[in-house]
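Counting starts at 1 for both ligands and their atoms, in listed order.
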Amino acid sequence: MHDKILILDFGSQVTQLIARRVREAKVYSEIHPYDCDPDFIRRFIQEEGGKGIILSGGPNSVTQGESPRAPQIVFELGVPVLGICYGMQTMATQLGGAVASAEALGKAREFGYAEVRAHGHTELLKGIQDFATTQGHGILKVWMSHGDSVTTLPDGFKLMASTDSCPIAGMADEARRFYAFQFHPEVTHTLQGPAILDRFVRTICACRGDWVMGDYISEAVARIQEQVGSDEVILGLSGGVDSSVAAALIHRAIGKQLTCVFVDHGLLRLNEGAMVMEMFARNLGVKVIRVDAEHDFMSKLAGVSDPEAKRKIIGKEFVEVFQTESAKIKNAKWLAQGTIYPDVIESAGKGKKGAHTIKSHHNVGGLPDDMHLQLLEPLRELFKDEVRELGVALGLPREMVYRHPFPGPGLGVRILGEVKQEFANLLRRADAIFIEELRNTIDEASGQSWYDLTSQAFAVFLPVKSVGVMGDGRTYEYVVALRAVQTQDFMTAHWAHLPHELLGKVSNRIINEVRGINRVVFDISGKPPSTIEWE
Ligand code: XMP
């Protein structure tokens, strides 16, 4: 059993970052809604290895009406508790301190960079600072985002941190090991955030650092073996990171009891089908059924140019093909999916006590009820970066595991308007050239390739023709656009400022090597107002 940390979520946008930072300290953590059953919390701590609790930030104000509170049991189990932002305010309120709103204090709300002075020589901050003032006070550079502030410390607490505008920016009751900060140690702008969270989980909570991928594999393998026994499992392989890592892990556990179904809808990237077969069937010896459904998809898409209609057709056809193939595997009892932890958190109804619903994989719809399949989701507790680490540890090529995301409808949303096989063939080749050059061009300042410096990059096919001249002849051919973005979360994105030489080389190569394309343009739109994909 792992030592672990319970994170109670009060609805902050950055709660997931707390879990990630804790896991980076090699300690397993789980996020649950703030109003989960007190009995669940008791079991988590007393029976399942829980060593501490973190209360996240959130959008509410404890000064107003029916705002959320931590279940009182959090403060009664004898384990360390760390409150962050709203978590600090509810801790203060529940333990007898006081909180006031910015309006009541006649102050502005505070967002952004702040310098916090450490006080009280607490165990949590001992030796952690960004610099010291000339008077010898330790200062932390942090990120603040709050309206309310704690104005009176609860009994037993002492001051742990302060700023000019927020006199109680941190408080501690070291006898009970309760700590709280008004600032956010989980965001990257708080430079010592990782050190503070590491100190909390490893020293204050005394968790062993036992969350390491190598060990995780043997545990996960044992768990899958126990769950599945001698049953057969089906998995829809898309070539994406999550389904690939799930396949490699399950194969490690049960070998030939796993059958993967790989549907090639004709809208994949250059050589993608061959690559998937090479990697799984040939190298790893996984049983993979490759369904060549290009013709079916293309005929269903003929004459359709509306983006939403295209997406619906591709999604529906995918489910049908997958169902037909899966139904042929008679003994299957399990459907494996590459669901990862952010999917689980997103689909857990906020505020609904522990109700976790399962988000269906974007590529693989449900299977007919009469197949009576149970779901096997071995990546449910992992974040994307952990899935990647696991993939590498399982022997998948690094290059594949760190690939940019690729949408379920594939090139179908990168060929504007009607999808034709001819267009897909041109686009595949142009896209491959773009990606190859991004991989091969190293940015001198960072030493990284432009592929790694961009979050997503691809070519888009524009079904318009323009005039060109090649050799002595006039050409009248199609246009491709290059799209490259940088983003943390894909909700907003900046267009990547690729070097002109790189763009020039890509354009030259595409026009020279891909007959049928005589013009290349570069997309310089941000999201919003544009989206990353063109359709
Ligand atoms: P947009 O175009 O909305 O894309 O800015 C944001 C991110 O989502 C990906 N995307 C999809 N992924 N199925 C997927 O699995 C889809 O239908 C889909 N549409 C967009 C897109 O590639 C980008 O990473």
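Note on ring orientation: taking the six-membered ring where Trp is involved, the planes of Y28 and H2 are tilted (angle from 30° to 60°).
For ligand 1, the atoms lying closer than 4.0 Å to a non-hydrogen atom of R311 are 16 (C), 17 (O), 18 (C), 19 (N). Counting atoms of ligand 1 from 1 in the listed order, those under 4.0 Å from a heavy atom of P409 are 13 (N), 16 (C), 17 (O).
An N or O contact shorter than 3.5 Å links G408 to ligand 1 by distance. Of the N or O atoms in I532, one or more lie within a sub-3.5 Å distance of an N or O in ligand 1. Where the criterion is an N or O separation shorter than 3.5 Å, residue side chain and backbone included, R414 fails it with respect to ligand 1.
Annotation: Q13, atom CD; neighbour count of heavy atoms from other residues, nucleotides and ligands within 6.0 Å does not exceed 12. Residue E219 places its CD atom among more than 12 non-hydrogen atoms of other residues, nucleotides or ligands, all under 6.0 Å distant.
The residue from M491, E535, K527 that puts a heavy atom closest to atom 5 (O) of ligand 1 is K527.
The aromatic ring centres of Y402 and Y451 sit 6.0 Å or more apart. For W143 and Y113, the gap between ring centers reaches or exceeds 6.0 Å.
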